[in-house]
Amino acid sequence: MPELPEVETTRRRLLPLLLGRRILALDHGDPKRYRHTEKARGKRVEGLSRRGKFLLLELSEGLEAVIHLGMTGGFRLERTPHTRLVFRLDQGALFFHDPRRFGRIWVVERGDYREIPLLTRLGPEPLSEDFRFPTFWEELRRSAKPLKALLLEQRLAAGVGNIYADEALFRARLSPFLKGKEVEKEEAKRLFLALKAVLAEAVALGGSTLSDRSYQQPDGLPGGFQERHAVYGRAGLPCPACGTPIAKDVVAGRGTHFCPRCQPQRPRPRSKR
DNA sequence: AGGTCTACCTGAGGGC
DNA sequence: TGCCCTCAGGTAGACC
């Protein structure tokens, strides 16, 4: 599932293919999912950035193409059976592949995100200077929601999805069930640092490619972070830290993996006396 | 306010 | 072998 590291890797690989190119047209037959794409016709690609899980393609004449990969979206150099949209360029083409069709594209006036409310509600970029512990801690302690739900909301940090939420909680040794307001400052600090570390490491390895290979780069290259997963997709397998079998449960409606021993359900029982 | 459920999609994998 | 069922998850929205 494309989360921050996968989207960032996609951005880096697409950059040389798109920068300076002119878009001849975006071809598709699905105007509900791919909005106002006619506006991109004839525009030049001036930049490619990322915000959370959104790719932002800066176009000439003050336009912007906003792309969300959904669960299975990605770019390919050749047409696939699940190509949903084609970027026809002055030199070559790029194929938007998306078996489950959860991906979305909007062409808008630059910065006009009225049709994309989530994009305006995103919290800070966890790998940027904007990600600051005091704000993180203030938001965390105000909420009665479980940590897993908070991480998926995109408010504490933009771009975290199911895989990296589970991996960050494991690294911070915090239960996904623990409520924000039950977290102590030291624990919050661990989570803050774990998020940065796990995301940075995953970006450095090109993200995670799962066994269904739904996520890969345009040239077919897989990511390398899946081999570092400590808990995600490892239910029943031994915890890399203590050997206890990894548990799987549902939190916030999502499959959630954790080590019942390293991530106890209650905050660290403070030793009395 | 938080929790839970459903919908949107389709391929993969388990069970029989 | 083959069919049926369930699951997976990013996000929105309904409802308790």
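From a predicted model like this one, the values you see are computed outputs, not experimental measurements. The sequence lines fix the lettering, A, B, ..., with proteins before strands; numbering per chain opens at 1.
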Give a yes or no on whether a donor-acceptor pair under 3.5 Å exists between the nucleobase atoms of C:dA8, that is its base, and the side chain of A:R100. yes
Would one find a side-chain N or O of A:H68 under 4.0 angstrom from OP1 or OP2 of C:dT11? yes
Check the orientation of A:F133 and A:W137. Use parallel for under 30°, tilted for 30 to 60°, and perpendicular for over 60°. parallel
Among B:dG3, B:dT10, C:dG9, which nucleotide sits nearest the side chain of A:R84? B:dT10
In whole Å, I'd like the distance from the CD atom of A:Q154 to the C1' atom of C:dA12. 13 Å
Hey, does A:G255 reach any base, or is it just sugar-phosphate, or nothing, if we go heavy atoms under 4.0 Å? sugar-phosphate
Measure CZ/A:R33 against P/C:dT11 and give the value in whole Å, please. 16 Å
What's the CG-P distance between A:D98 and B:dG11, to the nearest Å? 11 Å
Between A:S143 and B:dG2, does any side-chain N or O lie under 4.0 Å from OP1 or OP2? yes
What is the separation between atom CG on A:L150 and atom C1' on C:dG10, rounded to the nearest whole Å? 17 Å
Of all of residues 114-123 of chain A, which get a heavy atom below 4.0 angstrom from DNA chain C, listed by number? A:L118, A:R121
Separation of A:M71 atom CE from B:dA12 atom C1', in whole Å? 12 Å
Check: A:R21 side chain, A:P16 main-chain N or O, donor-acceptor pair, under 3.5 Å: no
Once you round to the nearest 0.5 Å, how far does NE2 of A:H229 lie from OG of A:S208? 3.0 Å
Under 3.5 Å: donor-acceptor pair, side chain of A:E125, backbone of A:G52: yes
With a non-hydrogen cut-off below 4.0 angstrom, is A:F54 in contact with a base, only sugar-phosphate, or nothing? nothing
Between CG of A:L55 and P of C:dG10 the distance, given in whole Å, is 16 Å
With respect to A:I67, which candidate in A:F54, A:Y34, A:F75 satisfies the side-chain contact (heavy atoms from CB on, under 4.5 Å) definition? A:F75
Using OP1 and OP2 only, check whether a side-chain N or O of A:H82 sits under 4.0 Å from B:dC9. no
Mind checking if A:R254 touches a base, just sugar-phosphate, or nothing, with heavy atoms under 4.0 Å? base
Looking only at atom types and distance, does a side-chain atom of A:R33 sit under 3.5 Å from a main-chain N or O of A:R101, one as donor and one as acceptor? yes
Proximity to the side chain of A:K53 - top-ranked nucleotide from B:dC8, C:dT11, C:dG9: C:dT11
Mate of B:dA1 across any strand shown (Watson-Crick or G-U wobble, both atom pairs under 3.5 Å) is none
Which part of the nucleic acid, if any, lies within contact of A:K248, taking any heavy atom under 4.0 Å across all strands shown: a base, the sugar-phosphate backbone alone, or nothing? sugar-phosphate
Would one find a side-chain N or O of A:Y232 under 4.0 angstrom from OP1 or OP2 of C:dG9? yes
Pair A:R11 + A:E8, salt bridge at N-O below 4.0 Å: yes
Candidates A:K39, A:R110, A:H36 - the one meeting side-chain contact (heavy atoms from CB on, under 4.5 Å) with A:L63: A:K39
Between CH2 of A:W106 and P of C:dA12 the distance, given in whole Å, is 8 Å
For A:F96 and B:dC9, what is the distance between atoms CZ and P respectively, to the nearest whole Å? 14 Å
With heavy atoms under 4.0 Å as the rule, sort A:P146 into base, sugar-phosphate or nothing. sugar-phosphate
